[in-house]
There are 2 protein chains.
Amino acid sequence: MTVDERRAWEIVLAHIENDLLLGRLKPGDRLPGERTLATDLGVGRSSVREAIRVLEVLGLVRTNVGSGPTAGAIIVALPGGGMSALMRLQVAAQGFPVADIVKTRLVLETAVAAELAEAVLSAALLRPDRQHPDRHDPDLGRCVQLLDAMDAPGLTEDEFLALDAAFHLSLAEACGNQVVVATMAGLRTAIEGYVRAGVARLASWSDTSDRLRAEHRGILAAIEAADPTGAHSLVHAHISGYYAETQLSPAPH
Amino acid sequence: MTVDERRAWEIVLAHIENDLLLGRLKPGDRLPGERTLATDLGVGRSSVREAIRVLEVLGLVRTNVGSGPTAGAIIVALPGGGMSALMRLQVAAQGFPVADIVKTRLVLETAVAAELAEAVLSAALLRPDRQHPDRHDPDLGRCVQLLDAMDAPGLTEDEFLALDAAFHLSLAEACGNQVVVATMAGLRTAIEGYVRAGVARLASWSDTSDRLRAEHRGILAAIEAADPTGAHSLVHAHISGYYAETQLSPAPH
DNA sequence: CTAAGCTGTGTGGTCAGACCACACAGCGCA
DNA sequence: TGCGCTGTGTGGTCTGACCACACAGCTTAG
């Protein structure tokens with residue numbers, strides 16, 4: 001007869017994870033109320049709350065006060081916030097060096113761009129006619145929208161940077177890999193403060209933002225031209241160039 | 001006079017994050033006791049505990065009962081567990097498709113191998129003499145050890161898989177990028193159950209494990225031979241081959 | 001008959017308090 | 001000097017009280 005050495009909140013967490021794995025719970029479902037869960041699992045309500053809090057921050061539940069179908073803890077699957085919190089806190093605690101964040105971004109974002117270009121290439125090989133109804137290119141509509149939005153006159157630096165982040169993320173989203181999307185969002189958030197502070201070190205924000213916009217256009221053009229190698233290089237230069245210019249590191253190869 | 005709309009536990013979390021960012025707290029430091037923190041921040045002790053639990057799961061604090069210098073909540077910076085929990089739970093909640101996990105692994109691990117090979121190449125260009133005392137190759141000692149351990153006769157499948165995971169992680173560690181290490185650890189953990197279950201679908205575990213070991217040796221040889229392209233391809237084939245064989249997806253290019 | 005108001009219920013959010021085991025530090029005694 | 005005891009502060013856990021919220025159901029008035 002083994003004594004369960006797990007802590008009370010861990011019992012709750014494991015129970016919910018198990019239900020997720022077995023398909024007993026899925027996004028949209030509502031957990032039993034805290035009091036019910038506590039009774040069912042033989043723990044205190046505080047321990048239930050601790051576990052729920054963990055799940056909330058990791059993007060697995062959303063909680064609502066009240067009654068009726070929208071009340072309580074609802075299962076969601078939104079990893080972005082959790083990834084951001086984890087990375088942001090690890091940067092703050094010096095577990096993740098900023099340079100490593102930047103390098104990881106380089107790895108992921110160059111891969112995304114190359115993969116999009118490859119998808120265009122595959123589509124083109126199957127259907128060389130760009131207007132063919134059966135031709136399935138990746139959907140870059142959102143990317144284009146964001147580039148157009150970045151061309152608006154009078155954007156503040158913060159507005160520009162937010163659109164810039166959104167553009168990069170839109171490439172990942174066009175790729176369709178949820179893990180990469182969440183990871184990239186987290187990486188970006190983790191060093192957001194540093195990026196913003198780096199703007200002050202630029203010789204000319206106007207020159208830099210012009211250059212960034214042009215580079216974005218170049219990246220998108222390389223993707224649309226089905227040039228994986230070109231897209232990869234342009235993204236690499238774009239990201240490392242900006243970080244070098246703001247002295248955030250690392251210097252370009 | 002604005003009312004703080006944050007929840008009580010969020011106030012605690014933000015306070016601790018701020019202290020980390022300002023360098024008032026760093027790994028090894030001890031947080032004030034829960035009761036003290038509650039009083040200082042004007043919240044209940046339960047709310048402090050909820051925040052601490054979040055930080056604990058994300059790898060930012062470790063808690064010890066007792067008194068003296070090792071008691072209480074100590075700041076750490078160990079992102080691996082948090083990354084694993086986040087990814088594992090997101091897979092369970094269907095936020096992260098398994099296929100996306102695999103693809104992300106491919107991106108990261110091929111980049112790691114290529115970067116190691118490039119580091120060997122750089123070292124060789126600076127110091128062609130392999131025995132030169134000033135030559136600084138990446139340290140692959142741990143990788144070699146693990147490969148040797150995998151050659152032991154009579155390993156169970158689980159033992160083999162654990163060593164296999166450790167080998168892959170040791171490559172990331174040799175690269176020295178903490179973000180990639182944690183991310184890869186999380187990715188691997190997230191689908192560990194699937195990987196283990198996949199073994200049952202193999203025609204011959206013996207043949208497969210032999211092949212895997214040979215492929216590991218090939219990867220390491222390509223790295224040591226300063227061949228980034230070769231290392232990249234071998235890792236890609238190695239990972240996608242195993243997943244295809246166990247039908248975990250995705251099929252090789 | 002319909003709409004508005006009231007009541008009851010269950011939800012999460014929060015705090016306080018009680019008690020436990022743990023781990024150490026300090027003190028007293030052999 | 002070493003051992004045992006006591007006190008203190010630590011996290012861990014549970015319980016209970018109360019709050020605001022949100023809905024559902026019922027009753028009353030127009």
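Small disclaimer: the values here were computed from a predicted structure and weren't measured. Chain identifiers are assigned alphabetically (A, B, ...) following the order of the sequence lines, protein sequences preceding nucleic acid strands; residue numbering begins at 1 within each chain.
- One distance of note links CD1 of B:I191 with CD1 of B:I101; it measures 6.5 Å at 0.5 Å rounding.
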**OP:** For nucleotides 3-14 of chain D, just jot down a letter per nucleotide in 5' to 3' order: B, S or -, based on protein non-hydrogen atoms under 4.0 Å.
**Re:** ------BBBBBB

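- Look at CG on B:L37: it is 17 Å from C1' on C:dT14, rounded to the nearest Å.
- Rounding to the nearest 0.5 angstrom, the gap separating the CG atom in A:L187 from the CE atom in A:M87 is 4.0 Å.
- Separation of atoms OG1 (B:T36) and CG (B:L41) is listed at 10.5 Å; rounding is to 0.5 Å.
- Without hydrogens or angle criteria, B:D19 side chain to B:L25 main chain gives no donor-acceptor distance under 3.5 Å.
- The pair B:E17-A:R88 meets the salt-bridge criterion, since a charged nitrogen lies less than 4.0 angstrom from a carboxylate oxygen.
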